[in-house]
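Structure first, commentary second.
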Amino acid sequence: MTPIAECLAAFIFGTTVGLLVQRSRYCNVAALRDAMLFKTYRNTKAMLVAMMIMTVGFTAFITVGAGKPMHFDVGLNTFIGLFLFGLGMVLAGACTVSTWVRAGEGNIGAVWALLFTFIGMFLFSLVWSFDYWPPAPQTMSGSANLAGLQFGFANAATLQSKTGIPAIVFGAVQTLVLYGIYRAILKRERAEAPAPQAEARESAACDAWADQPAEPVVPGARASAIVDHPV
Amino acid sequence: MELFKKTLNPVAALAIIAVLDIFLFLTIGAWTVGGGETMMTGIIARFFMGDTLNRIPFWNIAFPPDPYYWKIYISLGMVFGAFVGAVLSKEFCWRMPHRLTEWVMITFGGLLMGIGIRLAFVCNVSTFFGLTPEMNLGGYLAVSGILAGTWVGTWIYKKSLEG
């Protein structure tokens with residue numbers, strides 16, 4: 001594909017994602033935070049379903065050598081970086097997707113979060129070096145480099161080449177694990193809250209996207225509305 | 001149109017996105033946001049700094065600003081798609097945080113997200129919808145990190161609400 005065609009494909013994909021996320025009010029922050037804080041799983045279930053579909057699709061194509069998997073070494077920086085990201089997204093009340101989507105809805109707070117995400121990236125670029133950790137080409141050799149706190153590169157394709165077992169088999173195992181988590185959530189939802197309360201919580205969470213959240217119906221819903229408020 | 005009258009089930013929405021992401025994975029690469037944001041940062045920095053930006057090794061070696069970097073257009077598409085959805089469903093309106101504490105939290109949160117993305121080389125989208133479905137070792141490290149970070153962030157936020 002030419003660079004222009006790639007950009008066009010990416011824009012069409014992004015537009016579809018923006019539209020679907022806006023209409024469904026899906027939020028990655030809510031998928032994790034609400035599960036921890038309020039034990040509500042509206043977004044968590046959606047995330048798990050998407051991960052299951054993608055795991056099957058990606059590993060099926062990886063099995064036959066198709067697709068373009070990401071290829072770079074990972075290490076302790078991956079854990080620490082996402083730790084900081086997770087902390088930041090809860091404070092900001094939005095992640096990389098919801099900042100763009102809410103910006104498109106006219107949310108100035110989301111634009112502010114994006115601005116400071118850019119500033120954070122620029123600040124980090126000032127301390128980056130070719131020669132030393134934080135992760136740099138010199139420390140990324142493709143295999144484990146414990147002195148550089150790097151664990152190398154491994155994915156479904158390397159599993160297949162090292163074991164001789166098709167990548168789709170590993171993908172199926174991962175999908176089953178994700179499905180197990182999904183089933184456990186459904187079971188918990190059924191066992192825990194009576195249906196009217198669960199519905200009230202969800203609608204309150206949705207109202208939090210509006211400028212004036214509705215009055216809560218159940219304890220905890222007000223807190224949910226406030227937590228969602230920043231962006 | 002029904003789509004713009006009521007909220008779409010997020011499971012259905014994400015299922016559609018997942019199928020589209022598989023097509024994207026086959027053609028140019030899986031859905032990601034952090035890389036595009038980084039490139040936008042470089043392009044904006046070059047606009048203000050000019051060739052002085054080349055003195056910073058990161059922008060000279062790792063991420064030379066390039067407006068034809070496809071990941072930028074995923075983000076631009078998302079904001080456009082959301083705008084269209086919001087306008088057609090009559091949900092578009094200008095809104096902003098009212099309290100100073102909210103502005104402060106958004107500021108710190110944004111900074112941490114930016115620093116975290118560049119330190120890890122991945123964002124939350126790559127974590128859940130790229131690396132982990134590819135069964136990349138980085139996906140499991142990133143999921144562990146983001147769960148730990150979210151837990152700490154949630155704890156801090158809960159305390160701030162109570163206090």
Side-chain angles (χ1 to χ4, degrees), chain A residues 3 6-7 10-11 13-15 18-20 22-24 26 28 32-33 36-37 46 49-50 53-55 57-58 67-69 74 77-79 81-88 90-92 95-96 100-101 103-106 108-109 113 116-118 120-121 124-125 128 154-156 211 230, chain B residues 8 10-11 13-14 17-18 22 24-26 28-29 33 38 41 58 68 70 73-75 77-83 85-86 92-97 102 105-107 109-116 118-120 123-124 133-138 141-142 145-146 148-150 152-154:
Chain A
E6 287 182 351
C7 293
F11 185 78
F13 174 80
T15 302
L19 184 66
L20 290 171
Q22 197 278 329
R23 294 311 307 136
S24 66
Y26 172 78
N28 250 328
L32 303 181
R33 182 205 57 206
M36 291 179 189
L37 195 55
V49 167
I53 294 170
M54 287 176 196
T55 300
F58 288 3
K68 297 189 175 178
V74 296
N77 61 294
T78 316
F79 177 86
L82 263 294
F83 176 86
L84 295 176
F85 184 94
L87 182 56
V90 174
L91 295 182
C95 66
T96 48
W100 288 105
V101 170
E105 291 179 319
I108 303 297
F116 277 87
T117 302
F118 289 175
M121 288 177 167
F124 183 83
S125 77
W128 184 87
N155 69 0
D211 211 15
Chain B
L8 187 64
V11 174
L14 266 285
I17 291 172
I22 293 169
L24 201 69
F25 170 77
L26 284 171
I28 46 179
V33 180
T38 306
T41 304
F58 181 82
Y68 294 107
W70 61 271
Y73 297 90
I74 291 184
S75 298
M78 285 196 296
V79 75
F80 175 69
F83 174 74
F92 183 89
C93 67
W94 297 107
R95 69 199 92 179
M96 64 170 72
E102 291 166 357
M105 288 182 75
I106 294 169
T107 303
L111 280 172
L112 284 173
M113 285 197 285
I115 292 167
R118 284 314 343 138
L119 179 60
C123 63
N124 63 315
E134 290 169 12
M135 302 191 73
N136 189 306
L137 173 63
L141 287 166
I146 201 168
T150 304
V152 173
T154 302

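Chain letters run A, B, ... following the sequence lines, proteins first, then strands; residues in each count from 1. Given the structure is predicted, the values throughout are model-derived calculations rather than measurements.
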Report task. Give the minimum heavy-atom separation between A/S24 and B/P10, together with the two atoms involved. Result -> CB-CA, 3.8 Å

**Report entry** Heavy-atom side-chain contact between B/L137 and A/V74 under 4.5 Å
**Finding:** yes

Report task. Return the set of residues passing side chain to side chain contact (heavy atoms under 4.5 Å, CB included) with B/L112 (not counting sequence neighbours), or none when no residue passes. Result -> A/L84, A/L87, A/L91

Report summary line: When the 4.5 angstrom heavy-atom criterion is applied to B/L24 and chain A, the contacting part is side chain

Report task. Just say parallel, tilted or perpendicular for the rings of A/W128 and B/F58, cut-offs at 30° and 60°. Result -> perpendicular

Query raised in the report: Quick one: are A/F83 and B/V152 in side-chain contact, heavy atoms under 4.5 Å?
Result: yes

Query - Among B/G116, B/G110, B/G153, residue most engaged with chain A (heavy-atom pairs, under 4.5 Å) - result: B/G110

**Report entry** Exercise: identify the closest heavy-atom pair between A/I108 and B/W94
**Finding:** CD1-CE3, 3.7 Å

**Report entry** Pairs of heavy atoms under 4.5 Å with chain B: top-ranked of A/N28, A/L82, A/T78
**Finding:** A/L82

Query - side-chain contact (heavy atoms from CB on, under 4.5 Å) assessment of A/F85 paired with B/N124 - result: CA-CA 8 Å; A/F85 184 94; B/N124 63 315; 3.4 Å; yes

Query - CD1-CZ distance between B/I106 and A/F116, expressed to the nearest 0.5 angstrom - result: 10.5 Å

Query - Spacing of B/E134 atom CD and A/T55 atom OG1 [to the nearest 0.5 Å] - result: 10.0 Å

Requested in this report: Of all the heavy-atom pairs spanning A/R23 and B/G85, show the shortest one and how long it is.
Outcome: CD-O, 4.2 Å

Report task. With a 4.5 Å cut-off on heavy-atom pairs, point out which of B/F25, B/Y73, B/F80 contacts chain A the most. Result -> B/F25

Query raised in the report: If you count heavy-atom pairs under 4.5 Å with chain B, which of A/G18, A/G57, A/C95, A/A156 comes out on top?
Result: A/G18

Query raised in the report: Which atoms form the tightest heavy-atom contact between B/V33 and A/T96, and what is the distance?
Result: CG1-CB, 3.6 Å

Query raised in the report: Out of A/F118, A/F79, A/F58, which one racks up the most heavy-atom pairs below 4.5 Å with chain B?
Result: A/F58

Report summary line: With chain B, the option among A/G67, A/A50, A/G14, A/A103 that has the most non-hydrogen atom pairs under 4.5 Å is A/G14

**Report entry** Minimal non-hydrogen separation, B/F92 against A/G106, with atom names
**Finding:** CE1-N, 3.4 Å

